[in-house]
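A short worksheet on the structure shown next.
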Number of protein chains: 2
Amino acid sequence: MDESEIFRALADPTRRAVLERLLTGERNATELREGMSVSQPAISQHIAVLRGAGLITEQRVGRHVRYAVNPEGLQPIVDWLTRYRAFWPARIERLKTHLKDMDQ
Amino acid sequence: MDESEIFRALADPTRRAVLERLLTGERNATELREGMSVSQPAISQHIAVLRGAGLITEQRVGRHVRYAVNPEGLQPIVDWLTRYRAFWPARIERLKTHLKDMDQ
DNA sequence: CAAACAAATAAGTCTATGCTTATCTGTTGG
DNA sequence: CCAACAGATAAGCATAGACTTATTTGTTTG
């Protein structure tokens with residue numbers, strides 16, 4: 001329900017990069033950090049923000065933690081955006097195409 | 001193209017309130033401020049952020065400035081969100097309903 | 001033209017955020 | 001069991017953000 005927290009979490013490019021990496025499958029913190037030029041604590045803190053915003057879930061597996069996108073996490077802002085649907089004249093066709101793709 | 005700037009602009013509840021007020025029609029700065037407990041400069045600064053993010057447009061009319069939602073402004077983050085469509089199992093039906101409503 | 005008005009800008013303050021290094025907690029494998 | 005590892009937490013710093021009051025810019029109207 002707290003859109004502010006979600007938007008704030010998404011406002012940081014490093015956190016969006018983490019999320020997008022999770023789109024291709026679950027990862028642990030070390031894997032999420034690969035190729036990024038930030039310290040281990042920095043990633044850990046970003047992960048905490050994403051988790052606080054409900055955007056990711058975590059599951060401890062041994063001494064690793066597997067992170068994954070939380071499917072429900074983005075819903076509040078998707079809902080928020082649908083209020084602006086009357087202002088999406090140009091994109092509406094593309095969105096419909098996406099939805100048709102999903103039907104198949 | 002700069003999603004960070006858009007997400008950051010939307011992260012503030014006062015700015016979202018301004019945007020939502022504009023959903024019901026164009027307003028000037030004084031009208032946008034009505035009912036909000038912030039100073040005139042604060043609203044002016046919020047408007048500047050929204051405009052910088054491409055979310056609103058402005059048109060000077062005499063000594064007033066009429067602000068309006070920029071229809072194209074939210075597209076970058078709508079596009080960004082569609083990358084997560086595979087993770088929207090629960091919301092997809094609602095979204096389809098919205099789109100059907102638009103067809104009529 | 002002067003007073004009133006709409007909005008922006010300036011400048012200062014306070015808090016939040018993102019980063020670092022150092023340290024701590026928990027887990028595993030030799 | 002202990003050394004190495006995965007990750008979180010602590011503490012400190014620098015910058016960004018949201019707000020205020022005071023002032024400025026531009027426009028209108030009596």
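Keep in mind it's a predicted model, so treat the numbers as computed, not measured. Throughout, protein chains are lettered first and strands after them, A, B, ... in sequence-line order, and every chain is numbered starting at 1.
Tracing side-chain contacts under 4.5 Å through hydrophobic residues (I, L, V, M, F, W, Y), one never reaches Ile43(B) starting from Val49(B); they form parts of separate clusters.
No donor-acceptor pair under 3.5 Å is formed between the side chain of Arg8(A) and the backbone N or O of Leu10(A). Distance alone, capped at 3.5 Å, places no donor-acceptor pair between the Ser4(B) side chain and the Asp12(A) backbone. Not one N or O on the side chain of Arg16(B) forms a donor-acceptor pair closer than 3.5 Å with the backbone of Val18(B).
Within the 4.5 Å cutoff, no side-chain heavy atoms of Tyr84(A) are placed close to those of Val78(B). You'll find the side chain of Ile77(A) reaches within 4.5 Å of the side chain of Leu81(B), heavy atoms only. Proximity of Asp2(A) to Ile6(A): side-chain heavy atoms (C-beta onward) are nowhere separated by under 4.5 Å.
Against DNA chain C, the stretch residues 19-30 of chain A makes no heavy-atom approach under 4.0 Å. Contacts with DNA chain D (heavy atom under 4.0 Å) in residues 57-66 of chain B: Gly62(B), Arg63(B), listed by number. Near DNA chain C, meaning a heavy atom under 4.0 Å away, the residues from residues 42-50 of chain A are Ala42(A), Gln45(A), His46(A).
Nucleotide dC5(C) holds its P atom 16 Å from the CD atom of Glu31(B), rounded to whole Å.
Below 30°, between 30° and 60°, or above 60°: for Phe7(B) and Trp80(B) the angle between ring planes is above 60°, a perpendicular geometry.
Running 5' to 3' along DNA chain D, contacts with non-hydrogen atoms of chain B at under 4.0 Å begin and end at dG17(D) to dT28(D).
Counting all heavy atoms, side chain and backbone alike, Glu72(A) lies closest to Gln75(A) at OE1-NE2, 3.0 Å. Across all their heavy atoms, Leu50(A) and Ala9(A) have their closest contact at CD2-CB, 4.4 Å. Asp79(B) and Thr82(B) get closest at one heavy-atom pair: O-OG1, 2.6 Å.
Across all strands, Arg51(A) comes closer than 4.0 Å to no nucleic acid atom at all (heavy-atom distances).
Looking at residues two or more places apart in sequence or on another chain, you find a salt bridge (charged side-chain N to carboxylate O under 4.0 Å, His left out) between Arg51(B) and Glu58(B).
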In a table with atom names and distances, give each donor-acceptor pair under 3.5 Å that connects a side chain of residues 29-38 of chain A to protein atoms at least two apart or in another chain.
residue	atom	partner	partner atom	Å
Glu31(A)	OE1	Asn28(A)	N	3.0
Arg33(A)	NE	Val38(A)	O	3.0
Arg33(A)	NH2	Val38(A)	O	3.4

